[in-house]
Undergrad: 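For reference, the structure I am asking about is given below.
Since this is a predicted model, take the numbers as computed values, not measurements. Because only heavy atoms are used, hydrogens play no part in the values below, and waters and symmetry mates are left out as well, while side chains stay in.
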Amino acid sequence: MQRFALIGAGFIGSVHAQSLAAHPAVDFRLVYDVDSARAEALATAHGARAARSLAEAFDPELVDAVFIASSTDTHAENLRRAADAGLAVLVEKPIDLDLAHAAETVAHVERAGVPAMVDFNRRFDRDHAELKRLVDEGAVGEVALVQLTSRGPALPPLDYLRVSGGQMRDQTVHFFDLARWITGLEPVEVHVAGSALADPRVAEIGDVDTSAATLKLAGGALVQIDSVRHTGYGYDERIEVLGSTGMAESGRMRAGGVTRFRGTEAVSDGLHAGWFERVQPTYAAALGAFVSALETGAPVPVGLRDGLRAQAIAEAATRSLASGRSEPVDALV
């Protein structure tokens, strides 16, 4: 049984609280948030207790592991706290918005030797995982071209976008991670074109809401990722891998499987209304994989270096958006 503290009681913290409370091998002990009333409410709802301070939440006498779901600007500091306390840690992406600081933090945690995992939850989507299994066993031959789609139904609030780090770091980074995970290959350069089409105010804050990224992988294979912040038809996520002997696809997921026929028309259920409805099961699955690693002593399935590599791709992609040129991906992380 793993004793857990949750750091952060906002929306994503509340999602993780449900997973922690439901996991049979987790003793969900503490919730900490800078808003003590919010921490108290979330803790009470799930049979935990609100921590009075960060020091209490990171006390190794009280907990074995922490789940960091606090604001992005606190991730690195809280990772260091966990490492210094000798606690296992599961952290939301990114490690830090500054790549150099993120790399320093990873090195600090590695020196401490604690199990540490980045919550790239989309790796735990059942269909995406099956796609990776097929690629790994050679079902499509040598990978030549990967197509990933990430299209959200609604533009996030501008106040959120201002502090998000931009589309490459906030949205597309998940798919940079999926591309290198599924193929087992590292990107060496990236070129991105983007526009603000959903709302011109996005351009005013230096961001885009519609983009197409092309990555060249080691060995020459290519990856294409289209990312859209606003669609008129729901949340659309899918991956296609073309190889030398075939193709495999993790297709778009509908909200239901019913089709209604009348006259010459057929009407099927559409896509999920939002991204959360589509990916919700992956959060519990990611936590389950982390807890299993702690219980068995196995390596965590998504290490901090994975988070760092995906972030390095996002940094190169952000530079490409600004320069209009292909940019090399930092190979030092």
Side-chain angles (χ1 to χ4, degrees), residues 5-17 19 31-35 38-39 42 51 54 57-58 65-84 87 89-109 116-123 150 152 155-178 202 205-209 211 227 229 275-276 279 282-283 286-287 290 302-319 321 330 333:
L6 173 65
I7 313 299
F11 168 72
I12 201 63
S14 68
V15 173
H16 295 316
S19 300
V31 178
Y32 177 80
D33 193 274
V34 291
D35 183 335
R38 189 164 66 173
L42 188 61
L54 268 177
F58 285 91
V66 292
F67 199 145
I68 298 171
S70 50
S71 59
T72 295
D73 61 344
T74 67
H75 289 182
E77 177 188 353
N78 286 331
L79 271 168
R80 287 173 178 263
R81 278 181 175 267
D84 292 344
L87 298 173
V89 56
L90 177 55
V91 62
E92 276 292 319
K93 64 84 184 167
I95 296 165
D96 190 82
L97 282 176
D98 181 87
L99 183 60
H101 191 221
E104 292 169 1
T105 299
V106 170
H108 182 91
V109 176
M117 173 172 154
V118 177
D119 190 29
F120 272 135
N121 55 295
R122 280 173 172 80
R123 290 195 185 197
S150 168
L155 190 72
L158 286 175
D159 286 345
Y160 171 82
L161 293 180
R162 285 190 181 94
V163 298
S164 70
Q167 189 179 49
M168 296 300 104
R169 299 185 183 104
D170 178 57
Q171 179 182 3
T172 316
V173 67
H174 283 283
F175 299 86
F176 294 147
D177 176 68
L178 285 172
V202 173
I205 61 174
D207 200 2
V208 298
D209 54 46
S211 64
S227 302
R229 290 286 200 183
W275 66 269
F276 180 69
V279 306
T282 66
Y283 288 106
L287 173 66
F290 179 62
V302 194
L304 295 186
R305 289 279 160 185
D306 291 307
L308 207 53
R309 290 186 179 103
Q311 190 169 343
I313 303 167
E315 292 300 315
T318 302
R319 293 197 305 271
L321 265 176
D330 189 345
V333 296

Undergrad: Just verifying a value: how many Å separate His108 NE2 and His101 NE2, rounded to the nearest 0.5 Å?
TA: 10.0 Å
Undergrad: Do the non-hydrogen side-chain atoms of Asn121 and His174 ever get within less than 4.5 Å of each other?
TA: yes
Undergrad: If you look only at pairs with a residue in residues 95-107, which of them pass as a salt bridge (charged side-chain N to carboxylate O under 4.0 Å, His left out), with sequence neighbours excluded?
TA: none
Undergrad: Who are the salt bridge (charged side-chain N to carboxylate O under 4.0 Å, His left out) partners of Asp207, not counting sequence neighbours?
TA: none
Undergrad: Sequence neighbours left out, what passes salt bridge (charged side-chain N to carboxylate O under 4.0 Å, His left out) with Arg122? Give chain and number order.
TA: Glu237
Undergrad: Quick one: side-chain hydrogen bond (donor to acceptor under 3.5 Å, both in side chains) partners of Ser164, sequence neighbours excluded?
TA: none
Undergrad: Taking the side chain as everything from C-beta on, heavy atoms only, tell me whether Val202 gets closer than 4.5 Å to Leu161.
TA: yes
Undergrad: List for me each residue that meets side-chain contact (heavy atoms from CB on, under 4.5 Å) alongside Leu54, sequence neighbours excluded, and say none if there are none.
TA: Ile7, Tyr32, Phe58, Asn78, Arg81
Undergrad: Write down the atom of Val66, the atom of Ala57, and the distance for their closest heavy-atom approach.
TA: CG1-O, 3.8 Å
Undergrad: CG/Leu287 to OG1/Thr282 distance, rounded to the nearest 0.5 angstrom?
TA: 11.5 Å
Undergrad: With sequence neighbours left out, what residues match Arg38 under side-chain contact (heavy atoms from CB on, under 4.5 Å)?
TA: Ala9, Asp33, Asp35
Undergrad: Among residues two or more places apart or on two chains, list those pairs meeting salt bridge (charged side-chain N to carboxylate O under 4.0 Å, His left out) that have a residue in residues 168-178.
TA: Lys93-Asp170, Arg123-Asp177, Arg169-Glu315, Asp170-Arg229
Undergrad: Return each pair, listed once, that meets salt bridge (charged side-chain N to carboxylate O under 4.0 Å, His left out) where at least one residue sits in residues 7-17; pairs must be two or more places apart or across chains.
TA: none
Undergrad: Once you round to the nearest 0.5 Å, how far does CZ of Phe176 lie from CD of Gln311?
TA: 11.5 Å
Undergrad: When rounded to the nearest 0.5 angstrom, what is the spacing between OG in Ser150 and CZ in Phe175?
TA: 3.5 Å
Undergrad: Please report the interatomic distance CE(Met168) to CD1(Ile313), rounded to the nearest 0.5 Å.
TA: 12.0 Å
Undergrad: If we only count heavy atoms from C-beta on, is the Thr72 to Pro94 side-chain gap below 4.5 Å?
TA: yes
Undergrad: Determine, stepwise, if the pair Val173 / Phe120 fulfils side-chain contact (heavy atoms from CB on, under 4.5 Å).
TA: CA-CA 9 Å; Val173 67; Phe120 272 135; 4.3 Å; yes
Undergrad: Taking only residues two or more places apart in sequence, or in another chain, which ones meet Ala116 in a side-chain contact (heavy atoms from CB on, under 4.5 Å)?
TA: Val89, Val109, Leu304
Undergrad: Do Leu6 and Leu42 have side-chain heavy atoms sitting under 4.5 Å apart?
TA: yes
Undergrad: Which residues pass the side-chain hydrogen bond (donor to acceptor under 3.5 Å, both in side chains) test with Thr318, not counting sequence neighbours?
TA: none
Undergrad: List the atom of Glu92, the atom of Ala69, and the distance in Å for their closest heavy-atom pair.
TA: CG-CA, 4.2 Å
Undergrad: List for me each residue that meets side-chain contact (heavy atoms from CB on, under 4.5 Å) alongside Val208, sequence neighbours excluded, and say none if there are none.
TA: Gln167, Ser211, Leu321
Undergrad: Tell me every residue that passes side-chain hydrogen bond (donor to acceptor under 3.5 Å, both in side chains) with His75, counting only those two or more places apart in sequence or in another chain.
TA: none
Undergrad: So Phe290 and Val302, do their side chains get closer than 4.5 Å, heavy atoms only?
TA: no
Undergrad: Tell me if the centroids of the rings in Phe276 and Phe11 come within less than 6.0 Å of each other.
TA: yes
